[in-house]
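Beneath this line is the structure, given in structure tokens, with notes to follow.
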There are 2 protein chains.
Amino acid sequence: MIKEEFKLDNQLCFRLYTASRLLTQAYHPLLSEYGLTYPQYLVLLVLWEKDAQPVNDIAKRLLLETNTVTPLLQRMEKEGILVRRKGEKDARQMIVSLTEKGWELQKKLADVPAIVGNSVLCDSVTPETAPELFRMLDGIIGKLSAPSTLS
Amino acid sequence: MIKEEFKLDNQLCFRLYTASRLLTQAYHPLLSEYGLTYPQYLVLLVLWEKDAQPVNDIAKRLLLETNTVTPLLQRMEKEGILVRRKGEKDARQMIVSLTEKGWELQKKLADVPAIVGNSVLCDSVTPETAPELFRMLDGIIGKLSAPSTLS
DNA sequence: TCTTTTTATATCGCAAACGATATATTGAAT
DNA sequence: ATTCAATATATCGTTTGCGATATAAAAAGA
């Protein structure tokens, strides 16, 4: 008999992995209409909150590495959604700013959060229980993103 | 002011996406020691539960498409972890079976579930609250993987 | 039987992720 | 001022994911 711990149905990570993929897929038809991918949408969320940020700040906000974010931003720049210009105070930085097209997407995507939000509602996930889910996911993220235990 | 719904901190998907990535990263040092990736580890979990399955069954169990699973299996076959042979009853199928090396990995990875499981424990995720988290994630997965509402 | 449709895999192309490494600029130390 | 270390991006290579499409075999229909 297989060890209980090895059963797929007892694995937290597989659930997170699957839920993440499926929810990203739920975004797909809504975003692809405007030529966007989900990670690109995340970049937009970050820049809509605060425009003109260096690559590093965007990467940190998304808990991604710059080697993931840089090519992503380059693709978005090619699409005319944003521009990257060298920092004035610090010439190492690339400051990323939205173009008019980037801001227009905010209006066009206005309904996306509500549509996707509704798509996950079910018996176990309701407006009442969602905060608890958020708390638990934040706990996991906080634990795993914490600088590994200093001795 | 930005719409409340557009704030990154109010997004379920971003949390799932991040938690999934970070937890997968937690597996990395444990798996790369044996040359495995996390999706490859998932395939092993499936085959340890039931050996000799067609590609399609493995894909369905992992809620992945065969165009993701096929190349993954080909790489694992090249590593000598499993073999793929044509089905006898149905010549379209490829039956995937573990090799001796594939079974040995089960012993070598025996501690992985416990190590990773411990790594996520925190104030909001405990052995007591974990079942509730599982229930909510299962709800989301069930809702999103359900064949879209038949009219 | 012969054609058509469905099913099971596989191939292709592109966009992430991410470890590893390279490059340039800044800041710190001597 | 010079050297050295830290910081900010960028590049490279590999593996996933996944939409789109191709191929082969089985199943269903005429």
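Computed from a prediction, not measured in an experiment: that's the story for all the values here. Residue numbers begin at 1 in each chain, while the letters A, B, ... track the order of the sequences.
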Where along [range] does a heavy atom fall under 4.0 Å from DNA chain D?
range                     : answer
residues 35-46 of chain A : none
residues 80-98 of chain A : Arg84(A), Arg92(A), Gln93(A), Met94(A)
residues 48-69 of chain A : Pro54(A), Val55(A), Asn56(A), Thr66(A), Asn67(A)

Where is the tightest heavy-atom contact between [X] and [Y], given as atom of each residue plus distance?
X         : Y         : value
Thr129(B) : Ser124(B) : OG1-O, 3.1 Å
Leu23(B)  : Ser119(B) : CD1-OG, 4.3 Å
Arg15(B)  : Leu8(B)   : NH1-O, 4.4 Å
Lys143(B) : Asn118(A) : NZ-O, 3.7 Å

Within the structure provided, determine whether [X] and [Y] are in side-chain contact (heavy-atom separation under 4.5 Å).
X        : Y         : answer
Thr70(B) : Leu73(B)  : no
Thr24(B) : Pro39(B)  : no
Glu33(A) : Pro29(A)  : no
Leu12(A) : Val116(B) : no
Gln93(B) : Lys86(B)  : no
Ile58(A) : Val55(A)  : no
Leu62(B) : Thr68(B)  : no

Partners meeting side-chain contact (heavy atoms from CB on, under 4.5 Å) with Glu132(B) (sequence neighbours left out):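 In terms of side-chain contact (heavy atoms from CB on, under 4.5 Å), with neighbours along the sequence ignored, Glu132(B) is linked to Met136(A), Arg135(B), Met136(B).
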Could you give the side-chain donor-acceptor pairs of residues 96-113 of chain A under 3.5 Å, partners two or more places apart or in another chain?
{"from": "Ser97(A)", "atom 1": "OG", "to": "Arg85(A)", "atom 2": "NH1", "distance (Å)": "3.2"}
{"from": "Thr99(A)", "atom 1": "OG1", "to": "Gly80(A)", "atom 2": "O", "distance (Å)": "2.6"}
{"from": "Thr99(A)", "atom 1": "OG1", "to": "Ile81(A)", "atom 2": "O", "distance (Å)": "2.9"}
{"from": "Thr99(A)", "atom 1": "OG1", "to": "Lys101(A)", "atom 2": "N", "distance (Å)": "3.3"}
{"from": "Thr99(A)", "atom 1": "OG1", "to": "Gly102(A)", "atom 2": "N", "distance (Å)": "3.3"}
{"from": "Lys101(A)", "atom 1": "NZ", "to": "Glu79(A)", "atom 2": "O", "distance (Å)": "2.8"}

Nearest-Å distance, CD (Glu33(A)) to C1' (dG19(D))?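 Answer to the nearest Å: 17 Å.
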Could you give the CG-to-P distance, from Leu72(B) to dC18(D), as a whole number of Å?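 These atoms are roughly 12 Å apart.
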For the helix from dT1(C)-dA30(D) to dT30(C)-dA1(D), measure the angle between the helix axis at one end and the axis at the other, each built from five pairs, rounding to 10°.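 Taking five pairs per end, the axes differ by 10°.
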Near DNA chain C, which residues from residues 10-32 of chain B have a heavy atom under 4.0 Å away?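 Of all residues in residues 10-32 of chain B, the ones placing a heavy atom under 4.0 Å from DNA chain C are Tyr17(B), Arg21(B), Gln25(B), His28(B).
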Taking ring pair (Phe, Tyr, Trp, His ring centres under 6.0 Å) as the test, write out the residues that go with Tyr41(B), two or more places apart.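 Ring pair (Phe, Tyr, Trp, His ring centres under 6.0 Å) list for Tyr41(B), sorted by chain: Tyr27(B).
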Output all residues satisfying ring pair (Phe, Tyr, Trp, His ring centres under 6.0 Å) with Tyr17(B), sequence neighbours left out; order by chain, then residue number.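 Expected list: Tyr38(A).
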Please list, chain by chain and in numerical order, all residues satisfying side-chain hydrogen bond (donor to acceptor under 3.5 Å, both in side chains) with Asn67(A), sequence neighbours excluded.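 Asn67(A) satisfies side-chain hydrogen bond (donor to acceptor under 3.5 Å, both in side chains) with no residue once adjacent residues are dropped.
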Walk along DNA chain C from 5' to 3' and tell me the first and last nucleotide with an atom closer than 4.0 Å to a non-hydrogen atom of chain B.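 Extent of the interface on DNA chain C: dT7(C) to dG19(C).
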How would you list all residue pairs meeting salt bridge (charged side-chain N to carboxylate O under 4.0 Å, His left out) that involve residues 39-61 of chain A, not counting sequence neighbours?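 For residues 39-61 of chain A, and leaving out neighbouring residues, the salt bridge (charged side-chain N to carboxylate O under 4.0 Å, His left out) pairs sorted by first residue read Glu49(A)-Arg61(A), Arg61(A)-Asp9(B).
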